[in-house]
Amino acid sequence: MSHAGLPPPQQDESLVPQFKLPALQSDDKLDVSCLYGEPLVELPDPTSSKRSVLHETDTMSVELCTLVFAEQRSVDVLLWLPKVETISVVLVGLNFDGLHATTELESVPIGKNAVKRGQKMSRWPIQEIVDDRKIAMITSFYFDFCPDDVSNAGNGAAGLFAHSPRFGAIEQWSWGLRQLVSVCKRDRRLCDAKVGVFGHSRLGKAALVAGARDERIDAVLSNNSGCCGAALHRRLFGERLIHIVTRFPHWFAETASEWIDRENDLPFDQHNLLACMRNRALYVSSASLDLWADPRGEFESFKAASSAFDLIVDVEMPEPNAAAVGGDRLAFHLRQGPHDVTAFDLTRFADFV
């Protein structure tokens, strides 16, 4: 036993059981509330917002937009905008460490999280995406929408409209992503751009839920999202419900604990959630050393969802860093390395969108 009494993760492919996946459904019939909680339907405009230009170059403008909800809770949004006549694509994602962690620009305010300025720049390849590809990027600190804290999860902006225990943190972060999509739709420079929403790890789970909830999202990247993200529950490999729900109960609906050790009884598996993007586009990315997130389970889920995209994926899991497999609206790649999101992942998603 490990993790304070939790069983160790099973990471032996020879021990993966035989199982039968639930049939794919139409996306309007898929109910995932038993894990994530009820859909956070209300998507109000902020009561106020203000915008300022923090930095400009010949090729890019960096702006800060502050959203205030119900005159109580504010969210800062950082925008990197290429200087082109028409912005055709915008990538939207939450970050783990605050706006200042994504850049070395001194004009970006230091946030609540005590990490060094620019510490997570490797996860935000601005040069390759904004300068080289002329694609906009938008981010906010995920805590501002819902603190990642079991005793404090209702005290973000989403908590004004979510009433625990019906809404878990993943649902609230997905609501935050949808609010960033609204920022795009209210901006005349971005309102006609294709919107790609991305997330890593727990935020990759939130990106998938956001895609299922909001048809304004044209494409989703789920990166290393693992259990309750892209990976299949029924493989019983790597992180399972017993690990994730026990350690992070605030991420989920209270009913999620009822499915611990009952994965085969779940009314859906994660390929059903992936299939909710059937009329748009989906990119799943995994990492070769990230056995906790079960990269093979993410790939098998991708394959199982492929028929919803009018695509039959009949190939083996690609080698690390090989070309993505799939098609124009559904793709998968395996990066060499551990649990992380890198320029390798995001530039491929940018090109896909």
Asks: Would you call R51-D187 a salt bridge at under 4.0 Å N-O?
Replies: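 Result for this pair is yes, salt bridge flagged.
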Asks: Any side-chain heavy-atom pair from F161 and E42 closer than 4.5 angstrom?
Replies: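 Yes, side chains in contact.
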Asks: Using the ring of each side chain (for Trp, its six-membered ring), is Y283 parallel, tilted or perpendicular to F352, with breaks at 30° and 60°?
Replies: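 Ring orientation, 0 to 90° scale: perpendicular.
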Asks: Please indicate whether E13 has more than 12 foreign heavy atoms, meaning atoms of other residues, nucleotides or ligands, lying under 6.0 Å from its CD.
Replies: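 Result for CD/E13: enclosed.
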Asks: If you take the centroid of each ring, where Trp contributes its six-membered ring, are H243 and W292 closer together than 6.0 Å?
Replies: yes
Asks: Restricting to non-hydrogen atoms, name the atom on D149 and the atom on H250 that form the minimum distance, rounded to 0.1 Å.
Replies: N-NE2, 3.5 Å
Asks: Identify the heavy atoms of C34 and W259 that sit nearest to each other, and give their distance.
Replies: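 Between these two residues, the closest heavy atoms are CB-NE1, 3.5 Å.
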Asks: In sequence, state the C-alpha distance, the side-chain angles, and the governing distance for L221 and S285, and then conclude on side-chain contact (heavy atoms from CB on, under 4.5 Å).
Replies: CA-CA 7 Å; L221 165 65; S285 53; 3.3 Å; yes
Asks: Compute the ring centroids of F344 and H333, then answer whether they are less than 6.0 Å apart.
Replies: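 Distance test on ring centres: under 6.0 Å, yes.
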Asks: Once you round to the nearest 0.5 Å, how far does CZ of R189 lie from OG of S61?
Replies: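 The OG atom of S61 is 6.5 Å from CZ of R189, to the nearest 0.5 Å.
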Asks: Working to the nearest 0.5 Å, report the span between NZ of K116 and CD of E104.
Replies: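 These two atoms lie 12.0 Å from each other.
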Asks: Is R240 paired with E263 through a side-chain N to carboxylate O contact shorter than 4.0 Å?
Replies: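 So E263 pairs with R240 through a salt bridge.
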Asks: In the structure I gave you, are the side-chain heavy atoms of D148 and F143 within less than 4.5 Å of one another anywhere?
Replies: yes
Asks: Check this for me: K134, atom NZ, are more than 12 non-hydrogen atoms of other residues, nucleotides or ligands nearer than 6.0 Å?
Replies: yes
Asks: Less than 4.0 Å between a side-chain N and a carboxylate O, is that true for D269 and R234?
Replies: yes
Asks: How about CG on D12, more than 12 heavy atoms from neighbouring residues, nucleotides or ligands closer than 6.0 Å, or not?
Replies: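 Correct, the count exceeds 12.
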Asks: Is D310 salt-bridged to R278, going by a charged N under 4.0 Å from an acidic O?
Replies: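 Salt bridge flag = no for R278 with D310.
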Asks: Does a side-chain heavy-atom distance below 4.5 Å link E171 with R213?
Replies: yes
Asks: Please report the interatomic distance CG(L81) to CD(E56), rounded to the nearest 0.5 Å.
Replies: 10.0 Å
Asks: Establish, yes or no, whether the cationic atom of R73 lies under 6.0 Å from the six-membered ring centre of F69 and within 45° of the ring axis.
Replies: no
Asks: Quick check: do D340 and R123 have side-chain heavy atoms less than 4.5 Å from each other?
Replies: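 The answer is yes; the side chains approach within 4.5 Å.
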Asks: Under the criterion side chain to side chain contact (heavy atoms under 4.5 Å, CB included), which of V341, T103, T139 is the partner of W124?
Replies: T139
Asks: Is any side-chain heavy atom of P267 closer than 4.5 Å to a side-chain heavy atom of D31?
Replies: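 Of all side-chain heavy-atom pairs linking D31 with P267, none is under 4.5 Å.
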Asks: What are the two closest heavy atoms between S301 and L274, and how far apart are they?
Replies: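 Heavy atoms of S301 and L274 come nearest at OG-CD1, 3.3 Å.
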Asks: If the threshold is 4.0 Å, N to carboxylate O, is there a salt bridge linking R117 and E106?
Replies: yes
Asks: Yes or no on side-chain contact (heavy atoms from CB on, under 4.5 Å) for L6 and R247, after CA distance, side-chain angles and deciding distance?
Replies: CA-CA 9 Å; L6 292 176; R247 295 173 65 209; 3.7 Å; yes
Asks: When rounded to the nearest 0.5 angstrom, what distance separates CG in D294 from CD in E298?
Replies: 7.0 Å
Asks: Does some side-chain heavy atom of R296 sit less than 4.5 Å from a side-chain heavy atom of S286?
Replies: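 No, every pair of side-chain atoms sits at 4.5 Å or beyond.
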Asks: Here's a test for you: under side chain to side chain contact (heavy atoms under 4.5 Å, CB included), which of V53, L190, L64 qualifies with L79?
Replies: L190
Asks: Kindly compute the distance separating CG (D214) from CZ (R178), expressed to the nearest 0.5 Å.
Replies: 5.0 Å
Asks: So, do F96 and W173 have ring centers that fall under 6.0 Å from each other?
Replies: no
Asks: Out of curiosity, L330 CG to F309 CZ, how far, rounded to the nearest 0.5 Å?
Replies: 5.0 Å
Asks: Kindly indicate whether a cation-pi arrangement holds for R202 with F248, taking the cut-offs as under 6.0 Å to the six-membered ring centre and within 45° of the axis.
Replies: yes
Asks: Checking side-chain contact (heavy atoms from CB on, under 4.5 Å) for the pair L105/L54: CA distance, chi angles, key distance, verdict?
Replies: CA-CA 9 Å; L105 286 176; L54 301 181; 5.9 Å; no
Asks: Is it true that atom CG of D328 has more than 12 heavy atoms of other residues, nucleotides or ligands lying nearer than 6.0 Å?
Replies: no
Asks: Can you give me the closest heavy-atom contact between R335 and T342, atom names plus distance?
Replies: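 Result for this residue pair: CD-OG1, 3.4 Å.
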Asks: Work out which heavy atom in A324 is nearest to a heavy atom in A331; give both atom names and the distance.
Replies: CB-CB, 4.5 Å
Asks: Should we count CD of E215 as having more than 12 external heavy atoms under 6.0 Å?
Replies: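 Atom CD in E215 is not crowded, with 12 or fewer foreign heavy atoms closer than 6.0 Å.
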Asks: Look at D58 together with K83 and state whether they make a salt bridge at an N to O cut-off of under 4.0 Å.
Replies: no
Asks: Any side-chain heavy atom of C191 sitting closer than 4.5 Å to one from C184?
Replies: no
Asks: Compare every heavy atom of A322 with every heavy atom of R348, then report the nearest pair and how far apart it is.
Replies: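 Taking every non-hydrogen atom into account, NH1-O, 2.8 Å.
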Asks: Evaluate Q119 against D97 for side chain to side chain donor-acceptor pair (under 3.5 Å), listing each step before the verdict.
Replies: CA-CA 9 Å; Q119 186 169 323; D97 299 288; over 6 Å; no
Asks: List the steps, then state whether side chain to side chain donor-acceptor pair (under 3.5 Å) holds for R216 with S182.
Replies: CA-CA 9 Å; R216 298 176 302 169; S182 294; 3.0 Å; yes
Asks: I want to check something: taking the side chain as every heavy atom from C-beta on, are I126 and V62 in contact at a cut-off of under 4.5 Å?
Replies: no
Asks: Please walk me through it: do L91 and F198 pass side-chain contact (heavy atoms from CB on, under 4.5 Å)?
Replies: CA-CA 7 Å; L91 302 187; F198 65 92; 3.8 Å; yes
